[in-house]
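Below is one structure, written out as structure tokens; the observations come after it.
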Amino acid sequence: MPISIDACVAQHQGDRREQQDRVAIVPHPRGGGVALAVVADGMGGHTGGVLAAQQVVHTARDNLERFSARTESARALLESSINEAHMLIKASRFINEKDPHSTAVMVLLQPGKVSWAHCGDSRFYRFRGDSLVFRSTDHSYVGQLVVQGRVTPEQALVHPHRNILLTSLGGVEAPKIAFGEANELQVGDTFLLCSDGLWAYFTDQELAWVIDGASSAREASELLIDRARALGHGDGDNISLAILKLVEAPLAEPAVVPVASSR
């Protein structure tokens, strides 16, 4: 039984000269209740960030087309997509004479299971109703201060060094990738992927309230962007988000286990 979701992707250029984020929700070409969502926040000056973010989405889309949910792991798909995009972004420096970098957050939905991976400070949230179940931890200087208890999440939102990343795609070093997975999905579970141009203006609870209170993923996206734009006071960053809300949540399909034969 395929997954039934209410989904929406949305973007706003904010007050920047260029939209360097990219976002997509891609169903598996062979169906099976498998879909991939991606948000990439590009960095690297004029056009450089765009190229990097586009490469993240393109690589993830290509890998999804070759992905077999019955024989391959979600972790392998997500981590290989991030690592391959990283190598291609690095290679593009020699062609385009840019210094492109990008964050990445990806979510793979399958019947009964959700898997995610991220690098940088684009985030993944999992909500159940108006309650936060999980939120990714930013690979940033301030994100680590929060983990260490040296600043509160509220203080982190206005910290002067909040934009310093510890890892990204396209850098000299291999990207650090955080991976997670959860089963026992329920109707009403909602997944949010977004760039810092959105989450910087909201607490976790505020995001949950807006998404849960909206009549649809599209309405929630519009409300969140409108609110972020108002709070940006004319200096807002690029905004990108993807919302996926489970309308039906079938059980996981059993894995196919090869059986050895003897002659």
Side-chain angles (χ1 to χ4, degrees), residues 1-9 23-39 60 63-64 67-82 104-119 122-139 147 153 177-194 198-199 202-221 224 241-258:
M1 178 181 178
I3 294 173
S4 179
I5 60 174
D6 172 24
C8 181
V9 297
V23 58
I25 297 176
V26 186
H28 196 289
R30 294 188 296 277
V34 178
L36 179 68
V38 184
V39 168
N63 285 352
L64 179 67
F67 175 68
S68 171
R70 289 181 173 271
T71 60
E72 300 174 54
S73 73
R75 182 167 190 156
L77 168 68
L78 298 175
E79 292 185 345
S80 65
S81 294
I82 291 176
V105 57
M106 304 181 184
V107 169
L108 184 70
L109 264 178
Q110 301 178 76
K113 182 169 66 174
V114 61
S115 309
W116 61 89
H118 88 282
C119 173
S122 291
R123 288 184 178 178
F124 166 69
Y125 295 81
R126 180 187 177 193
F127 301 107
R128 177 159 290 169
D130 64 356
S131 298
L132 177 72
V133 177
F134 176 83
R135 193 204 80 192
S136 58
T137 300
D138 302 334
H139 293 136
V147 170
I177 304 172
F179 174 82
E181 202 163 71
N183 300 307
E184 299 180 357
L185 305 184
Q186 297 181 13
V187 171
D189 282 0
T190 303
F191 311 106
L192 168 67
L193 299 79
C194 63
L198 180 77
W199 62 252
F202 299 92
T203 66
D204 299 345
Q205 186 60 72
E206 287 170 341
L207 288 170
W209 282 333
V210 172
I211 294 173
D212 185 59
S215 61
S216 65
R218 176 169 182 161
E219 182 185 55
S221 299
L224 289 171
L241 69 149
I243 295 176
L244 304 93
K245 188 169 186 176
L246 295 185
V247 179
E248 295 180 2
L251 298 175
E253 296 181 359
V256 175
V257 179

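Summarising the geometry, atom CG belonging to Asn183 is positioned 8.0 Å from atom OG belonging to Ser115; distances are rounded to the nearest 0.5 Å. Atoms CG and CG, on Leu244 and Leu109 in that order, are 6.0 Å from each other to the nearest 0.5 Å. In this structure, Ser131 OG and Trp209 CH2 are separated by 10.5 Å, a value rounded to the nearest 0.5 Å. The distance from atom CG of Leu36 to atom CG of Asn63, rounded to the nearest 0.5 Å, is 9.0 Å. Atom-to-atom distance recorded for Ile177:CD1 and Met106:CE is 8.5 Å, nearest 0.5 angstrom. Interatomic distance, Ser221 OG to Ile211 CD1, rounded to the nearest 0.5 Å: 8.0 Å.
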Test side chain to side chain contact (heavy atoms under 4.5 Å, CB included) on Leu193 and Trp116 and set out the steps. CA-CA 10 Å; Leu193 299 79; Trp116 61 89; over 6 Å; no

How far apart are the C-alpha atoms of Leu64 and Leu108, what are their side-chain angles, what is the distance that settles it, and do they pass the side chain to side chain contact (heavy atoms under 4.5 Å, CB included) test? CA-CA 9 Å; Leu64 179 67; Leu108 184 70; 4.1 Å; yes

With side chain to side chain contact (heavy atoms under 4.5 Å, CB included) as the criterion, how do Leu185 and Phe191 come out once you've worked through the C-alpha distance, each side chain's angles and the decisive distance to 0.1 Å? CA-CA 11 Å; Leu185 305 184; Phe191 311 106; 4.2 Å; yes

For Tyr125 and Trp199, what are the C-alpha separation, side-chain angles and deciding distance, and is it a ring pair (Phe, Tyr, Trp, His ring centres under 6.0 Å)? CA-CA 10 Å; Tyr125 295 81; Trp199 62 252; 8.2 Å; no

Just do the side chain to side chain contact (heavy atoms under 4.5 Å, CB included) check on Leu246 and Val187 with the steps written out, would you? CA-CA 5 Å; Leu246 295 185; Val187 171; 5.6 Å; no

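With Ser4 contributing its side chain and Val247 its backbone, the two residues share no donor-acceptor pair below 3.5 Å. Although no hydrogens or angles enter the test, the distance criterion places a donor-acceptor pair under 3.5 Å between the side chain of Asp6 and the main chain of Ala217. Looking at His28, its side chain never comes within 3.5 Å of a backbone N or O of Gly33 through a donor-acceptor pair. Checked by atom type and distance alone, the side chain of Arg123 never pairs as donor or acceptor with a backbone atom of Leu192 at under 3.5 Å. Panel note: side chain Thr190, backbone Gly188; a donor-acceptor pair is recorded below 3.5 Å.
Val133 is linked by a side-chain contact (heavy atoms from CB on, under 4.5 Å) to Arg126, Arg128, counting only residues two or more places apart in sequence or in another chain. Evaluation of the side-chain contact (heavy atoms from CB on, under 4.5 Å) rule for Thr203 yields Gln205, Glu206 as partners, not counting sequence neighbours. Taking His139 as the reference, His118 meet the ring pair (Phe, Tyr, Trp, His ring centres under 6.0 Å) condition, with sequence neighbours excluded.
Residue Val39 comes nearest to Ser122 through the heavy atom pair CG1-OG, 4.4 Å, listed as atom of the first residue, atom of the second, then distance. When all heavy atoms of Ala24 and Val9 are compared, the closest pair comes out as C-CG1, 4.1 Å. Nearest heavy atom pair, residue Glu79 against residue Phe179, reads OE2-CB, 3.9 Å.
Under the 4.5 Å side-chain criterion, counting only non-hydrogen atoms from C-beta, Leu224 is in contact with Phe202.
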